[in-house]
Amino acid sequence: MVTALKEKILRLIRETGPLTVAQYMQMALLDSRDGYYMKRDPLGRDFITAPEISQVFGEMIGLFFVQAWEDRGRPDRFHLVELGPGRGTLMADLLRASRIRPKFIAAAEITLVEMSPSLRAIQSATLGDARAVWRQDLREVPDDAPLFLIANEFFDALPARQFIRSPRGWHERMVGADGDTLVFAAAPDPVPAGLVPAGLHDAPIGAMFESSQASQTLAREIGRRIVRNGGVALFIDYGHAMSGHGDTFQAVKAHRYTDPLAEPGDADLTFHVDFAALAQVARDEGAGISGPVTQAEFLGALGIGARAERLKRDAPQNAAEIDAAIDRLTNLTQMGSLFKVLALSAPGTPELPGFLC
Ligand code: SAH
């Protein structure tokens, strides 16, 4: 089927030539009229995220930030920022849990970084009367106070380029057209060697390397702000601790994997997050790095078990449901091990809860 967005992409390719995978992903997800995230709420329908599985997830993040804020001398003004807040569930649960420290809430200037008008509307409804502002980009948030930032399943949605190794070097993987079908094809000429890390220059023929400029620029900016003004950033996503894991570009629709080129605008597109690359650019800015640890380790160290017991005591009729949700978040065969948690903080500041193991 040729949707309006696919037609637009096909036309662009006919007029200007093949697109990089990053350019294709950017259009498929964020085209202002037909982009996947711009026109609908995909959560639940196509995929489900940790905050939608259980309120405990956002609560644990809330307690993490309250503790980190206390350990950093309780600044009386800070930016509390969420990147890509989806339905606003995590922020709502975080704020509810942090009510144990009214001064934390009073000091927080809340910003939600979100491109999608339809998701902004849902976030606003979820958050009710919380004092939040919406921005398109972190750079619109003033760089004038400590930054406490959470990004859950956000970096996986940022575009990346792919490169394939041939006997002649590394070639960019492009998206071209064969009639009305979008197809992958390697660019004929190799890219300059500097685009691919030196350690990969001898990789086997056919190997693939992925690189997300957008992710690295953002992680660098977050690191720079935290080193300058203090604060903590938490990145939670599926991905790997080391770079170089082949082709991780994937599409999901209605909880099933599909062909990433088949239905631009109608399927979610993601990459696995390269935590090593994010940590490296933040470290280059002078930031301290904690993790990545697995989501199971992080939530376990924060006391998710005790929190679940408490909820079950208060609502025994929901015990089975609560157990199932906690299992989904922490079981190593579910989200517990594929999902990882990386934190950035200013150097020389106290250890972060959840990373003490
Ligand atoms: N964090 C949420 C939602 C994850 S889905 C959760 O855990 O449930 C990804 C979110 O990032 C969506 O809200 C999407 O609209 C937003 N998003 C994707 N790319 C973005 C970009 N470049 N800038 C801002 N928001 C973006």
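Please read these numbers as outputs of a predicted model, since none were measured by experiment. Each ligand, and each atom within it, is numbered from 1 in the order the structure gives. Note that these values count all heavy atoms, side chains included, but never hydrogens, waters or copies made by symmetry.
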Quiz item: Nearest protein heavy atom to atom 5 (S) of ligand 1, by residue and atom, and its distance?
Solution: Y37 OH, 3.6 Å

Quiz item: When you measure from atom 17 (N) of ligand 1 to every protein heavy atom, which one gives the shortest distance, and what is it?
Solution: F154 CE1, 3.9 Å

Quiz item: Are side-chain N/O atoms of E210 and T248 paired as donor and acceptor at under 3.5 Å?
Solution: yes

Practice problem: Using distance alone, decide if ligand 1 has a nitrogen or oxygen within less than 3.5 Å of any nitrogen or oxygen in S116. | Solution: no

Self-check item: Nearest non-hydrogen protein atom, atom 8 (O) of ligand 1
Solution: T49 OG1, 2.6 Å

Practice problem: Report yes or no: does L158 have a heavy atom closer than 4.0 Å to ligand 1? | Solution: yes

Self-check item: Nearest neighbour of atom 1 (N) of ligand 1 from the list A50, G84, G86, on a heavy-atom basis
Solution: G84

Quiz item: How far is atom 15 (O) of ligand 1 from its nearest protein heavy atom, and which residue and atom name does that atom have?
Solution: E114 OE2, 2.5 Å

Quiz item: Is there a path from I222 to L278 through hydrophobic residues (I, L, V, M, F, W, Y) whose side chains come within less than 4.5 Å of each other?
Solution: yes

Self-check item: Which of the ligand 1 atoms, numbered from 1, are nearer than 4.0 Å to a heavy atom of P51
Solution: 6 (C), 7 (O), 8 (O)

Quiz item: Does a salt bridge link R139 with E221, judged by any charged N lying under 4.0 Å from a carboxylate O?
Solution: no

Quiz item: Does R165 use its side chain to pair, donor to acceptor, with the backbone of A203 at less than 3.5 Å?
Solution: yes

Quiz item: Which residue supplies the protein heavy atom nearest to atom 21 (C) of ligand 1, what is that atom called, and how far is it?
Solution: M115 CG, 3.5 Å

Practice problem: Output yes when K340 and D274 qualify as a salt bridge under the 4.0 Å nitrogen-oxygen rule, no when they do not. | Solution: no

Quiz item: Do ligand 1 and E52 have nitrogen or oxygen atoms that lie under 3.5 Å from each other?
Solution: no

Practice problem: Check whether the side chains of D143 and H79 place a donor and an acceptor atom closer than 3.5 Å, and report yes or no. | Solution: no

Quiz item: Does the distance from a Lys or Arg side-chain N to an Asp or Glu carboxylate O, for D34 and K8, drop under 4.0 Å?
Solution: no

Quiz item: Given that the side chain starts at C-beta and the backbone is N, CA, C, O, which of these parts of T89 lies under 4.0 Å from ligand 1, counting heavy atoms, or is it both or neither?
Solution: neither

Quiz prompt | Cationic N near anionic O, under 4.0 Å, E285 to R224 | solution = no

Practice problem: Sequence neighbours left out, what passes salt bridge (charged side-chain N to carboxylate O under 4.0 Å, His left out) with R40? Give chain and number order. | Solution: D266

Quiz item: Would L119 count as a contact of ligand 1 if the rule is a heavy atom under 4.0 Å away?
Solution: yes

Exercise. Could you check atom 4 (C) of ligand 1 against the protein and tell me its nearest heavy-atom contact, residue, atom and distance included?
Key: E153 O, 3.4 Å

Quiz prompt | Region of N152 engaging ligand 1 - heavy atom pairs below 4.0 Å | solution = both

Practice problem: Return yes when D268 approaches ligand 1 closer than 4.0 angstrom through a heavy atom, no otherwise. | Solution: no

Quiz item: What part of L43, side chain, backbone, both or neither, has a heavy atom within less than 4.0 angstrom of ligand 1?
Solution: side chain

Self-check item: Identified ring pair (Phe, Tyr, Trp, His ring centres under 6.0 Å) counterpart of F339 within the set Y238, F155, F57
Solution: Y238

Quiz item: For atom 19 (N) of ligand 1, which candidate among L29, L30, I48, D237 provides the closest heavy atom?
Solution: L30

Self-check item: Q123 N/O to ligand 1 N/O under 3.5 Å
Solution: no

Quiz item: Is there a donor-acceptor pair closer than 3.5 Å between any side-chain N or O of T126 and the backbone N or O of G88?
Solution: no

